[in-house]
Amino acid sequence: MTNRKLLVVATGNPGKLKEMQVYLQDLGWELQLKPEELEIEETGETFIANACLKASEVAKATGKWSIADDSGLMVDALDGQPGIYSARYGKTDADRISRLLKELGSEQNREAQFVCAIAIARPDGTIALQVEGICRGEILHTPRGTGGFGYDPIFYVPAQQQTFAEMTPDIKRSHSHRGRAFHALIPQMANIVNQN
């Protein structure tokens with residue numbers, strides 16, 4: 001009998017599951033994707049609201065502990081856009097980057113932040129934990145680097161003097177919004193292991 005606890009990830013994206021598994025690998029949780037037919041509409045107005053909504057709905061539908069995240073890019077000069085619509089800002093990563101750069105134009109203020117909210121729900125759908133991680137940076141005029149995904153090639157982190165797309169996976173993990181959210185989450189996860 002194994003003592004690993006199952007955590008259903010509220011995503012259909014195997015890449016996201018793999019990324020979460022890296023953060024949680026030492027905690028004894030086994031991650032699995034949500035059932036494919038289970039679609040949850042993201043109707044929340046904040047990243048944390050969407051993360052809680054997804055975790056709660058998946059937990060209730062499966063009767064198991066669930067984890068969800070919601071993340072995106074907020075650009076200061078665009079009043080926080082694209083924000084919760086980051087993934088819907090265009091059809092492809094290239095479209096999204098192109099639209100963002102066009103909307104920023106020659107704007108001097110290139111300040112921005114990536115935000116990642118993570119929520120864990122109990123099997124009855126109540127939220128056990130919620131955290132948020134933020135990474136400040138700025139938007140470059142042209143993409144740099146070949147790693148990462150999404151807006152990574154134009155998101156420059158001055159402290160690292162690199163875009164997310166130029167960082168090694170380990171450096172990105174320790175500096176990114178997702179890394180910071182998991183850093184806040186992991187110490188609290190020990191407390192929920194014994195809850196049922």
Side-chain angles (χ1 to χ4, degrees), residues 1-44 46-73 84 86-88 93 113-135 146-152 155 164-165 167-196:
M1 174 81 183
T2 174
N3 64 354
R4 289 176 79 79
K5 285 191 75 146
L6 184 68
L7 200 52
V8 180
V9 184
T11 181
N13 179 343
K16 189 171 271 192
L17 179 139
K18 211 180 268 178
E19 193 174 55
M20 283 190 180
Q21 191 79 67
V22 171
Y23 289 111
L24 302 176
Q25 62 191 355
D26 299 332
L27 297 182
W29 289 84
E30 184 184 327
L31 271 54
Q32 78 176 35
L33 290 173
K34 71 170 179 60
E36 211 173 306
E37 65 280 3
L38 191 58
E39 284 298 324
I40 291 120
E41 203 178 333
E42 295 180 21
T43 53
T46 61
F47 295 115
I48 205 78
N50 278 330
C52 289
L53 178 81
K54 290 189 281 190
S56 180
E57 291 298 314
V58 169
K60 285 190 285 195
T62 60
K64 296 178 170 69
W65 284 83
S66 173
I67 186 168
D69 78 334
D70 195 40
S71 57
L73 179 65
I84 57 170
S86 293
R88 293 168 268 181
D93 287 348
Q113 64 186 23
F114 259 121
V115 180
C116 175
I118 302 173
I120 293 183
R122 299 177 185 91
D124 66 0
T126 57
I127 299 298
L129 282 177
Q130 58 184 53
V131 296
E132 201 166 63
I134 292 173
C135 179
T146 55
F149 56 90
Y151 300 95
D152 288 1
F155 187 78
F164 271 178
M167 293 179 189
T168 65
D170 281 350
I171 289 175
K172 184 183 172 189
R173 253 195 305 280
S174 59
H175 291 278
S176 75
H177 50 306
R178 188 164 282 112
R180 289 173 184 187
F182 273 104
H183 188 72
L185 182 79
I186 287 166
Q188 300 179 55
M189 284 186 76
N191 304 328
I192 66 169
V193 170
N194 302 318
Q195 294 181 25
N196 284 319

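Model, not experiment: these values are computed from the prediction. Computation of the quantities below employed the complete heavy-atom set of this structure, encompassing side-chain atoms and omitting hydrogens, waters and symmetry-equivalent molecules.
Residue Y23 holds its OH atom at 15.0 Å from NZ of K18, rounded to the nearest 0.5 Å. F182 CZ to I118 CD1: the interatomic distance, rounded to the nearest 0.5 Å, is 3.5 Å. Atom SG of residue C116 and atom CZ of residue F47 lie 9.0 Å apart, to the nearest 0.5 angstrom. Going from atom CG of L185 over to atom CD of E132 covers 12.5 Å, rounded to the nearest 0.5 Å. A distance of 14.5 Å separates CD of Q25 from CE of M20, quoted to the nearest 0.5 Å.
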Do D124 and T126 pass the side-chain hydrogen bond (donor to acceptor under 3.5 Å, both in side chains) test, and can you show the C-alpha distance, the side-chain angles, and the key distance before you say yes or no? CA-CA 6 Å; D124 66 0; T126 57; 2.7 Å; yes
Check the pair K60, E57 against salt bridge (Lys or Arg N to Asp or Glu O under 4.0 Å), reporting the backbone distance first and the verdict last. CA-CA 5 Å; K60 285 190 285 195; E57 291 298 314; 3.6 Å; yes
Pair E30-K5, salt bridge (Lys or Arg N to Asp or Glu O under 4.0 Å): steps then yes or no: CA-CA 6 Å; E30 184 184 327; K5 285 191 75 146; over 6 Å; no
Does D69 form a salt bridge (Lys or Arg N to Asp or Glu O under 4.0 Å) with K54? I'd like the steps, not just the answer. CA-CA 8 Å; D69 78 334; K54 290 189 281 190; 5.1 Å; no
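With respect to V58, the side chain to side chain contact (heavy atoms under 4.5 Å, CB included) criterion is satisfied by exactly one of I40, V9, T11: I40.
Taking the side chain as every heavy atom from C-beta outward, R180 and C135 approach each other to under 4.5 Å.
Side-chain atoms of R178 never come within 3.5 Å of backbone atoms of S174 as a donor-acceptor pair (strictly under, hydrogens ignored).
Between F164 and F114, a ring centre-to-centre spacing shorter than 6.0 Å is recorded.
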